[in-house]
Amino acid sequence: MRVGDDYLEAVLDLVAQIPRGRVMTYGTIAEVISDRLPADERRGGPRQVGYVLSRAGGGVPWWRVVNAAGGPAASHLSAALTALASEGTPLAAAGLRVDLRAALWWPVED
DNA sequence: ACATTGACTAATT
DNA sequence: TAATTAGCCAATG
């Protein structure tokens, strides 16, 4: 098995576990993955999580992954907002971003 | 091997 | 609270 695929799988698996109506930030995902994987398989930061998701394409609820500001990924943001709204994700008053205080999800908390 | 790019974050102003 | 700047890690050309 190729090295690095574990990281990719870990990210995809974690994203797939995000409950409907909840979200996770790139930084949080990076933290959890780093903690779950051995040092050899670790990859650095939030940007790599984004890279993995960009390559993942369909089959993964990527719209449940948001940046630290609470806004959807820089691309496809209208699609993400639509999907989030459809799933009942708590949106901020402006409607342009997610209410992190209410929607942010943590794997161990749930 | 060097420079550029990107689904990012945190600190500063 | 919002806009700017600097730092970050890996991929890609």
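Note on naming: letters A, B, ... go to the chains in the order of the sequence lines (proteins, then strands), and numbering restarts at 1 for each one. Keep in mind that this is a model prediction, so the values were computed, not measured.
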### Task
Any salt bridge (charged side-chain N to carboxylate O under 4.0 Å, His left out) involving residues 67-77 of chain A? Give me the pairs, sequence neighbours left out, ordered by first then second residue.
none

### Task
Answer yes or no: are there more than 12 heavy-atom neighbours, outside A:Glu87 itself, under 6.0 Å from its atom CD?
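More than 12 within 6.0 Å, yes.
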
### Task
Round to the nearest Å and state the distance from A:Leu8 atom CG to C:dA10 atom C1'.
13 Å

### Nucleotide C:dC9, atom C1' - distance to CD1 of A:Ile29 in whole Å
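Taking atom C1' of C:dC9 as the reference, CD1 of A:Ile29 is at 16 Å.
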
### Message
Taking ring pair (Phe, Tyr, Trp, His ring centres under 6.0 Å) as the definition, give me every residue that meets it alongside A:Trp63, ordered by chain and number, with sequence neighbours left out.
### Response
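A:Trp63 satisfies ring pair (Phe, Tyr, Trp, His ring centres under 6.0 Å) with no other residue.
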
### Whichever of A:Arg97 and A:Gly45 has its nearest DNA chain C nucleotide further upstream toward 5'
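The residue mapped nearer the 5' terminus is A:Arg97.
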
List in chain and number order the residues that pass side-chain contact (heavy atoms from CB on, under 4.5 Å) with [X], two or more places apart in sequence or in another chain; answer none if no residue qualifies.
| X | answer |
| --- | --- |
| A:Ala56 | A:Leu12, A:Val60 |
| A:Ala73 | A:Tyr26 |
| A:Ile18 | A:Val15, A:Arg22, A:Met24, A:Arg64, A:Val65, A:Trp105 |

#### Entry: B:dA7 and C:dG7, which share atom name P, separated by this distance in whole Å
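Here C:dG7 and B:dA7 have their P atoms 22 Å from each other.
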
### Task
Encode nucleotides 6-13 of chain B as B, S and - characters from 5' to 3', where the letter depends on protein heavy atoms closer than 4.0 Å: B to the base, S only to sugar-phosphate, - to neither.
BBBS----

